[in-house]
K.L.:
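One structure is given below, represented as structure tokens, and several questions about it will come after.
Any value given below was found using the heavy atoms of this structure, including those in side chains, with hydrogens, waters and symmetry copies removed. Start at 1 and go down the list; that is how both ligands and their atoms are numbered. Numbers here are sequence positions counted from 1.
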Amino acid sequence: MVRKKNRKFPAVVLAGMTIMAVGCQNGGTESAGTQGTGTTSEREFLSEPLVEDIYTADPSAHVFDGKIYIYPSHDIDAGVPEKDDGSHFDMRDYHVYSMDEVGGEVTDHGVALDIKDIPWAGRQLWAPDAAHKNGTYYLYFPVKDKQDIFMIGVATSSSPAGPFKPQPEPIANSFSIDPAVYKDGDGEYYMYFGGIWGGQLQRWTTGSYTQEDSYPADDQPAVMPKVARLSDDMLSFAEAPKDVQLLDENGKPLLTADSARRFFEAAWVHKYNDKYYFSYSTGDTHRIVYAVGDNPYGPFTYQGVVLEPVLGWTNHHSIIEKDGKWYLFYHDTQLSGGVTHLRNIKVTELNHRADGSIETVDAYFGD
Ligand code: FUB
């Protein structure tokens, strides 16, 4: 595990402290203890924030040119009142970070994309991801358009650090949030995306946008995330988005009522020993979990928990390999003392067992 000590902030938090602002899509004040930390004893964080001068979240990490680049959200306190739809997550730009190796110095490359430069954007720049092809770097980002509907945009740069120039329109047929782009061994790229509740995925179940939320009944298959292969130029979908099927141990789709396992947001894909690992947040049960399949489209069969709940409401991650080691990037709210929309990115080592299963990470040292 990466156990770097924080210089400026105490590494110990009282897990029962009152959360100062409730999370996106979370209707009431909570204490950390009610979010899965489950104790009022002092608990020590497993790892320390990578960035301390601004708030950062949703870290999408990649190895480009032998370095680790991180593409996080840039959390701010915009003064927007908390709302069940997550309006108070009102982010307005992105910074890109890099480091030669985990544990090394973290470089802030400054503002890589600003919402004012995206002609179609309305508000809320949420979790981005990046990809590289033929000397061009692509930043994929969700933002609400001027009608307040989440769409996914793409911006390009000749450098992994940006600045990125956005395309004039969102990606055709894109919707919802949390794009994650996976490059397969054959050179094809796939975008996984979607998030329910504030992420609006449940408003697209008919194939087009409806203002009303519509969830399948508790005993029906849950709203599933989406996947689409990207076009050669990386600027559009090469096909209509399809459901990513997430199955239980009996080969049946995970159900709406199964909130401990069904999809909420924050998709990520990595490959290990020729298997495709689809990991995601269960959202309101606050875990990062994973399912395994044989190809980029799935289906993926549920396996277990990657990361237990962190301090804060949201849980969001990425997984990369660097120099033979695997790392889990994630966030919590250590720096803000539990303010749900003021988060900080972190990293720790991730281990696959010999049978391919993932060792669950606890965001705290043992009780
Ligand atoms: O950062 C805003 C949203 O919170 C992200 O898009 C979600 O994944 C959650 O982390």
Side-chain angles (χ1 to χ4, degrees), residues 19 21-26 35 51 54-61 70-78 80 82-95 113 115 121-130 139-144 148-153 174-181 191-202 223 225-226 262-269 278-289 306-307 309-319 328-336 338-346 363:
I19 298 298
V22 294
C24 69
Q25 312 119 13
N26 184 24
Q35 296 176 55
V51 175
I54 63 172
Y55 293 110
T56 53
D58 309 322
S60 291
I70 313 169
Y71 302 85
S73 300
H74 174 192
D75 284 357
I76 54 169
D77 201 355
V80 175
E82 292 163 22
K83 242 181 113 184
D84 200 42
D85 68 357
S87 291
H88 50 302
F89 289 76
D90 192 20
M91 296 88 99
R92 295 169 188 177
D93 64 24
Y94 296 117
H95 285 231
L113 178 64
I115 197 166
R123 60 178 182 147
Q124 295 181 279
L125 272 181
W126 281 14
D129 192 21
L139 183 70
Y140 298 94
F141 56 90
V143 67
K144 282 180 178 164
D148 234 23
I149 300 172
F150 268 118
M151 301 280 171
I152 296 171
S174 73
F175 51 90
S176 195
I177 60 166
D178 290 3
V181 174
M191 182 188 288
Y192 301 85
F193 63 95
I196 62 171
W197 211 336
Q200 301 181 339
L201 187 58
Q202 73 283 357
V223 177
K226 302 287 179 187
R262 59 103 181 88
F263 178 78
F264 191 98
E265 61 188 8
W268 189 261
V269 169
F278 182 87
S279 46
Y280 56 98
S281 173
T282 57
D284 46 358
T285 48
H286 313 293
R287 292 191 163 80
I288 301 295
V289 300
V306 175
L307 175 62
V310 298
L311 180 64
W313 203 86
T314 64
N315 207 343
H316 191 121
H317 72 301
S318 62
I319 294 170
L328 174 71
F329 288 76
Y330 65 105
H331 68 221
D332 65 16
T333 56
Q334 178 181 347
L335 289 183
S336 68
V339 180
T340 312
H341 63 287
L342 299 178
R343 300 163 290 181
N344 49 258
I345 58 171
K346 295 186 165 185

K.L.:
Using a 4.0 Å cutoff against the non-hydrogen atoms of H316, which atoms of ligand 1 qualify?
P.N.:
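By the 4.0 Å cutoff, the relevant atoms are 7 (C), 8 (O), 10 (O).
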
K.L.:
If I apply the N/O under 3.5 Å rule, does D178 come out as touching ligand 1?
P.N.:
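Among all N and O atoms of D178, at least one is under 3.5 Å from an N or O of ligand 1.
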
K.L.:
Can you list the ligand 1 atoms lying under 4.0 Å from a non-hydrogen atom of A127?
P.N.:
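Those atoms are 6 (O).
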
K.L.:
Do any heavy atoms of H341 fall under 4.0 Å from ligand 1?
P.N.:
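Judged by the 4.0 Å heavy-atom criterion, H341 does not count as contacting ligand 1.
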
K.L.:
Less than 3.5 Å between some nitrogen or oxygen of D75 and one of ligand 1, yes or no?
P.N.:
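Such a contact does not occur with ligand 1.
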
K.L.:
Charged N to carboxylate O under 4.0 angstrom, D90 versus K144?
P.N.:
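Salt bridge flag = no for K144 with D90.
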
K.L.:
Test of understanding: with ring-ring contact (aromatic ring centres under 6.0 Å, His included), list the residues that count as partners of F263, not counting sequence neighbours.
P.N.:
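Partners of F263 under the ring-ring contact (aromatic ring centres under 6.0 Å, His included) test: Y280.
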
K.L.:
How close do V181 and D129 get, counting heavy atoms only, and between which atoms?
P.N.:
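For V181 versus D129, the nearest heavy atoms are N-OD2, 2.7 Å.
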
K.L.:
Would you check whether R343 reaches within less than 4.0 Å of ligand 1, judged by its heavy atoms?
P.N.:
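Yes.
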
K.L.:
Evaluate H331 for polar contact with ligand 1, using N/O atom pairs at a separation under 3.5 Å.
P.N.:
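No, there is no polar N/O contact under 3.5 Å.
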
K.L.:
Could you tell me if the side chain of L342 sits less than 4.5 Å from the side chain of L335, heavy atoms only?
P.N.:
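Answer no - side chains too far apart.
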
K.L.:
Tell me which one of D332, T340, V339 satisfies side chain to side chain contact (heavy atoms under 4.5 Å, CB included) with S336.
P.N.:
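Testing each of D332, T340, V339 against S336, the sole residue satisfying side chain to side chain contact (heavy atoms under 4.5 Å, CB included) is V339.
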
K.L.:
Between W268 and I288, does the side-chain contact (heavy atoms from CB on, under 4.5 Å) criterion hold? Intermediate values first, please.
P.N.:
CA-CA 10 Å; W268 189 261; I288 301 295; over 6 Å; no

K.L.:
Using a strict 4.0 Å cut-off to heavy atoms of M91, name the atoms of ligand 1 that fall inside it.
P.N.:
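Per the distance check, 1 (O), 2 (C).
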
